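Scroll down for the structure; my scribbles are underneath it.
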Amino acid sequence: MNINDAYSHLALLSAATLGRTAPNPNVSAAIYSSNGELIADGAHDRTLSSDHAEVLALKKAGSTARGATIVVSLEPCNHTGATGPCVDAIIEAGISKVIYAVKDPNPIAAGGADRLESAGIDIEFMASPELEDIQGAWLHRITTGRPYFIWKVATTLDGRIAARDGSSQWISSEQSREDVQVLRSQSDAILIGTGTALADNPTLRPRVEGAISPIRIVMGGRDVPADFNLNDGKSQTIFLKSHSVEDLLKALDYIPVNQVLVEAGPQLGSALMAAGVIDEVLLYQAPIVLGEGNSWLEGIGVSTISDARHLSLISTQAIGPDIKSRYRVEKR
């Protein structure tokens with residue numbers, strides 16, 4: 001077994017269950033024989049089963065798990081919740097070695113590695129930035145107490161989201177818009193303001209086969225007409241009659257979400273940025289310029305260069321004619 005290949009396999013499994021595990025992490029596991037052959041794998045998906053990834057893989061493997069190695073994207077849990085501890089299942093299955101990619105920061109579930117080691121199982125922690133990133137929304141919620149916020153923005157090269165007359169369809173390419181559908185399917189909730197709701201009448205449901213619909217959160221003081229798509233009853237929709245970021249965060253304390261996709265306009269998005277809530281900015285930049293028109297970011301309280309908000313580039317790739325860039329917002 002090549003650990004890089006094993007981690008790449010887990011990355012695909014974990015990415016496939018994004019948006020389907022909250023409030024749990026999107027963990028994946030794979031079991032390998034002593035000669036390195038894949039025996040079984042599993043990924044946690046609350047829409048299908050309450051079983052964790054390790055348990056799913058062990059059930060598939062059956063007796064062939066005895067003496068094998070299990071590779072897990074997150075340190076196996078050591079507590080009883082909706083299911084029993086994964087460490088117990090691993091011990092009972094006769095696994096001889098556990099390799100895990102990310103340490104569990106949850107004080108309730110942590111300690112799995114120590115428990116397995118005390119049971120005589122060989123334990124190895126091999127860090128994987130890729131798997132940490134894929135499980136990042138849950139890790140963020142556990143360590144900060146709130147979901148991970150991604151602000152998705154489609155702009156021209158000169159930072160415009162609409163022309164002077166207000167027209168904006170379409171700045172980004174068809175390929176970028178299809179990519180956004182995947183991003184929607186990977187998110188637990190989508191947040192917009194009432195301005196976006198009234199202007200675009202969106203469904204906010206991902207056009208991806210087999211995807212489940214994220215919770216729709218609409219923030220602002222204006223009413224959305226009863227015949228608009230957000231009132232179609234096809235997805236859970238929360239209308240938050242407030243402009244307060246604090247009210248939003250309080251409401252999210254009671255909603256089981258790890259990742260919130262912000263598809264709001266510059267007013268709400270900038271307010272979240274100014275409040276330090278935006279964790280990642282996802283830009284789809286089209287190879288066009290307008291010279292004037294609406295910008296994607298409004299006043300965020302920066303009056304001098306020393307107060308500038310800093311972002312670090314996570315990744316960049318070509319999406320059709322556009323450039324997709326992920327930026328992590330550095331916290332002050």
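Positions are given from 1 along the sequence. Being a predicted model, the structure only gives us computed values, none of them experimental.
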I want to check something: taking the side chain as every heavy atom from C-beta on, are V27 and V72 in contact at a cut-off of under 4.5 Å?
yes
How long is the span from the CE atom in M126 to the CD1 atom in I3, to the nearest 0.5 Å?
5.0 Å
Find out whether V153 and Y284 are in side-chain contact, i.e. whether some heavy atom of one side chain is under 4.5 Å from a heavy atom of the other.
no
Rounded to the nearest 0.5 Å, what's the gap from CD on Q285 to OG on S325? Could you check?
5.5 Å
In a check of side-chain contact (heavy atoms from CB on, under 4.5 Å) between Y327 and each of L282, L283, I278, I314, which one passes?
L283
Could you check whether the rings of F125 and Y100 sit parallel, tilted or perpendicular, using 30° and 60° as the cut-offs?
tilted
Using a strict threshold of under 4.0 Å (side-chain N to carboxylate O), is an ion pair present between D179 and R184?
no
Tell me, with the steps shown, if R141 and D188 meet salt bridge (Lys or Arg N to Asp or Glu O under 4.0 Å).
CA-CA 12 Å; R141 187 177 65 81; D188 305 303; over 6 Å; no
Can a donor-acceptor pair be found, under 3.5 Å and without considering hydrogens, that links the side chain of E280 to the backbone of R328?
no
Got a sec, which residues hit side chain to side chain donor-acceptor pair (under 3.5 Å) with Q186, two or more places apart in sequence or on another chain?
none
Heavy-atom pair with the smallest gap, counting every atom of S128 and V102
O-CG2, 4.4 Å
Checking D322 side chain against S176 main chain: does a donor-acceptor pair fall under 3.5 Å?
no
So is R177 actually on top of W170's ring, under 6.0 Å and inside 45° of the axis?
yes
Closest non-hydrogen contact found for A318 with I323 is CA-CD1, 4.2 Å
